Asker: 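The structure that follows is given in the form of structure tokens.
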Amino acid sequence: MFTKKIDRPYFDAWLRRTGRQLAVSGRLTQTAVALAASVGGSSDEWRAQLRTILEGHEIPSLDLLMSIDAILAGPVNTQAVESQQRLLF
């Protein structure tokens, strides 16, 4: 018997992109530590949950998805933003 796969192209694209970013050595642990500091819980729990999400067994909430993206994006360089804004005027 065939099971129908749920059509979720945006989430699947997010999984592929995030999986590549977290494949870098130590990046999964860094993300887990950052989530533990900002959301709560232990880094071990977050590491296990991130692996579960990356395997496709769990779909995260939109808030968690955005938090993971923000952590992976890194800090914003405010000096670069200010210099770009000065060029506009």
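Being a predicted model, the structure only gives us computed values, none of them experimental. By convention here, the first residue in the shown sequence is residue 1.
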Asker: Restricting to non-hydrogen atoms, name the atom on Pro60 and the atom on Leu65 that form the minimum distance, rounded to 0.1 Å.
Answerer: CG-CD1, 4.1 Å
Asker: Over all heavy atoms of both residues, which pair between Ser43 and Ala36 is shortest? Give the atoms and the distance, please.
Answerer: N-CB, 3.8 Å
Asker: With hydrophobic residues grouped by side-chain heavy-atom distances under 4.5 Å, do Ile59 and Leu50 end up in a single group?
Answerer: yes
Asker: Hydrophobic clusters here meaning ILVMFWY residues chained together by side-chain heavy-atom distances under 4.5 Å, can you tell me if Leu15 and Met66 are in one?
Answerer: no
Asker: Should Val33 and Val39 be regarded as members of a common hydrophobic cluster, given that ILVMFWY residues are connected when their side-chain heavy atoms come within less than 4.5 Å of each other, either directly or indirectly?
Answerer: no
Asker: Please list all pairs passing the salt bridge (Lys or Arg N to Asp or Glu O under 4.0 Å) test where one or both residues lie in residues 33-56, with sequence neighbours left out.
Answerer: Asp44-Arg47
Asker: Give a yes or no on whether the backbone of Leu28 and the side-chain of Trp46 come within a donor-acceptor separation of less than 3.5 Å.
Answerer: no
Asker: Mind checking whether Thr31 and Gln21 have side chains closer than 4.5 Å, heavy atoms only?
Answerer: no
Asker: Please enumerate all residues that pass side-chain contact (heavy atoms from CB on, under 4.5 Å) together with Thr18, with sequence neighbours excluded.
Answerer: Trp14, Leu22, Leu54, Ile68, Asp69, Leu72
Asker: Going through the distances and angles, do Leu35 and Gln49 end up as a side chain to side chain contact (heavy atoms under 4.5 Å, CB included)?
Answerer: CA-CA 11 Å; Leu35 284 169; Gln49 186 171 359; over 6 Å; no
